[in-house]
Number of protein chains: 2
Amino acid sequence: MDQRSPVHATHLTTRSQSVIESLRSAVLSGEFAPGERLHEVPLTQRLTVSRTPVRAALQALASEGLLDYAPNRGYTVRQFPLSEVIGAYEVRSVLEGLAARLAAERGLTEADRVVLEKSLQDGDNLLSGRALSQQDRPSYSAINVSFHETIHAAAGSRILGQMIQLCLQVPISSPRNVVAFEDRDVRRRHDDHHRIFEAIVGREPWRAEMLMRDHVGSVKASLIRSLSSTIDVHLTSQR
Amino acid sequence: MDQRSPVHATHLTTRSQSVIESLRSAVLSGEFAPGERLHEVPLTQRLTVSRTPVRAALQALASEGLLDYAPNRGYTVRQFPLSEVIGAYEVRSVLEGLAARLAAERGLTEADRVVLEKSLQDGDNLLSGRALSQQDRPSYSAINVSFHETIHAAAGSRILGQMIQLCLQVPISSPRNVVAFEDRDVRRRHDDHHRIFEAIVGREPWRAEMLMRDHVGSVKASLIRSLSSTIDVHLTSQR
DNA sequence: CCGAGCAAATTTGTATACATATGGAAAACC
DNA sequence: GGTTTTCCATATGTATACAAATTTGCTCGG
């Protein structure tokens with residue numbers, strides 16, 4: 001996966017920004033081993049930029065929590081032990097619960113309601129037939145992201161949204177990873193979405209919070225199941 | 001308080017680190033108006049360093065949420081409308097609630113228990129007499145911080161601690177600001193501490209979470225009261 | 001008088017040279 | 001032989017020159 005394309009080919013505002021995205025996806029896709037040091041000069045060669053934007057990107061990724069930093073000793077790829085991933089889910093659970101509660105307290109705008117209803121409808125359609133094919137998974141993932149993001153926005157709290165975003169940065173805890181789950185889990189969780197939506201529309205803050213907390217918590221649970229059964233290999237090989 | 005001392009006089013690892021601290025305290029103490037742009041060159045002169053560490057510091061403070069950043073247009077001092085401060089409290093409320101729950105689930109280490117008991121005892125002593133004098137406030141503030149930080153640590157979740165720390169960065173939402181509160185509030189909140197401690201020691205996760213949530217939530221409430229009253233004063237005294 | 005458009009000045013972004021700190025290997029010493 | 005010390009290679013921190021972008025203010029045309 002080493003395409004070695006010059007970063008500044010993409011006209012994404014500044015080189016620093018581009019480098020941030022490049023490095024982030026490289027780290028998340030596992031191109032660097034956990035614990036590995038990221039030296040600046042090799043990165044400049046790989047990305048064909050100078051050290052300045054590289055350093056800016058490293059600093060940014062460190063503050064996102066993806067890298068560790070020690071003064072005068074540079075940056076290393078953070079490793080996320082299972083305990084950290086679980087921790088991220090626990091935090092996300094209460095944060096998204098709060099988001100649902102706030103959304104229920106404030107009420108939805110017309111626009112938000114439409115988006116949520118559409119994602120529910122789309123999900124219904126996708127799940128109406130038999131089991132999801134592998135190709136359907138990305139589609140459902142998009143629906144899932146849309147549902148959750150709309151609620152984050154409806155909560156109307158900048159800090160809250162920012163923090164949820166931070167949680168999603170933690171590898172494997174992103175909702176994109178519904179891919180790894182069983183069909184039954186997906187259906188159950190889509191059902192959760194319906195109930196959460198009802199609670200928000202019905203202005204039941206407490207119920208919305210509890211449902212959302214349990215919803216995200218259940219993702220954690222099945223993630224742990226999925227990990228302990230199949231990905232044992234992965235965990236042990238990275239150690 | 002413009003003492004204009006060269007930043008690198010303090011031997012705090014690197015210049016960037018020193019500049020971060022200088023700028024942070026400058027922003028928090030209100031030396032820059034909310035919305036004001038922070039140009040790099042003037043800061044270099046003020047701090048007697050080059051643009052490089054200044055830029056690093058600005059980026060760091062922006063990711064802490066203290067500054068806004070727009071590519072090619074630089075950094076501005078974020079303003080925190082009351083809604084933002086309240087939002088920070090709501091988030092902190094659920095996060096500290098989670099921390100208390102986790103601490104209750106895991107149980108306390110001997111060391112942590114001792115620290116918590118000491119902060120409770122110190123608080124009892126401080127509050128045993130009559131009303132707190134102004135000089136006592138900082139002492140109680142330290143006790144308060146110690147109590148909460150110990151619980152954060154006892155929760156054993158790096159991400160959680162990191163996020164709570166982010167909440168505390170938001171101006172006015174820091175526990176240092178017990179200063180602004182009434183005597184009765186302080187006593188009530190110290191009582192909360194006792195109950196929270198009992199719940200954690202007694203391994204009652206759910207109770208610990210609820211108590212802590214309400215505890216932090218009550219700080220929010222009296223902060224709002226305090227603010228609206230001082231604002232009243234400002235209005236009547238034509239500030 | 002007002003607005004569009006251009007040009008200069010200011011400001012941020014990037015590259016690079018130099019300074020300083022770290023880590024390790026070789027040499028000196030016990 | 002093992003430990004300590006010194007020195008050098010390497011990597012990060014800082015300063016600064018240059019490039020690109022934005023802002024400002026002016027001119028010109030309507």
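Residue numbers begin at 1 in each chain, while the letters A, B, ... track the order of the sequences.
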Residue list, side chain to side chain donor-acceptor pair (under 3.5 Å) with H215(A), at least two apart or on another chain
H148(A), D192(A), H193(A)
What I want to find out is whether R46(B) reaches E31(B) closely enough, with some N-O distance under 4.0 Å, to be called a salt bridge.
yes
Between the side chains of E96(B) and R213(B), is the shortest nitrogen-to-carboxylate-oxygen separation below 4.0 Å, so that they form an ion pair?
no
Which pairs, protein N/O on one side and nucleotides 7-14 of chain C N/O on the other, fall under 3.5 Å?
unit_1  : atom_1 : unit_2 : atom_2 : d
dT11(C) : O3'    : H39(B) : ND1    : 3.4
dT12(C) : OP1    : H39(B) : ND1    : 3.2
dT12(C) : OP2    : E40(B) : N      : 3.3
dG13(C) : OP1    : Y69(B) : OH     : 2.6
dG13(C) : OP1    : N72(B) : N      : 3.0
dG13(C) : OP2    : R55(B) : NH1    : 2.7
dG13(C) : OP2    : R55(B) : NH2    : 3.0
dG13(C) : N7     : R51(B) : NH2    : 2.9
dG13(C) : O6     : R51(B) : NH1    : 2.9
dT14(C) : OP1    : R15(A) : N      : 2.3
dT14(C) : OP1    : S16(A) : N      : 3.3
dT14(C) : OP2    : S16(A) : OG     : 2.7
dT14(C) : O3'    : R15(A) : NE     : 3.3

What's the spacing between L95(B) CG and S157(B) OG if we round to 0.5 Å?
9.5 Å
Charged N-O contact under 4.0 Å between R101(B) and E90(A)
no
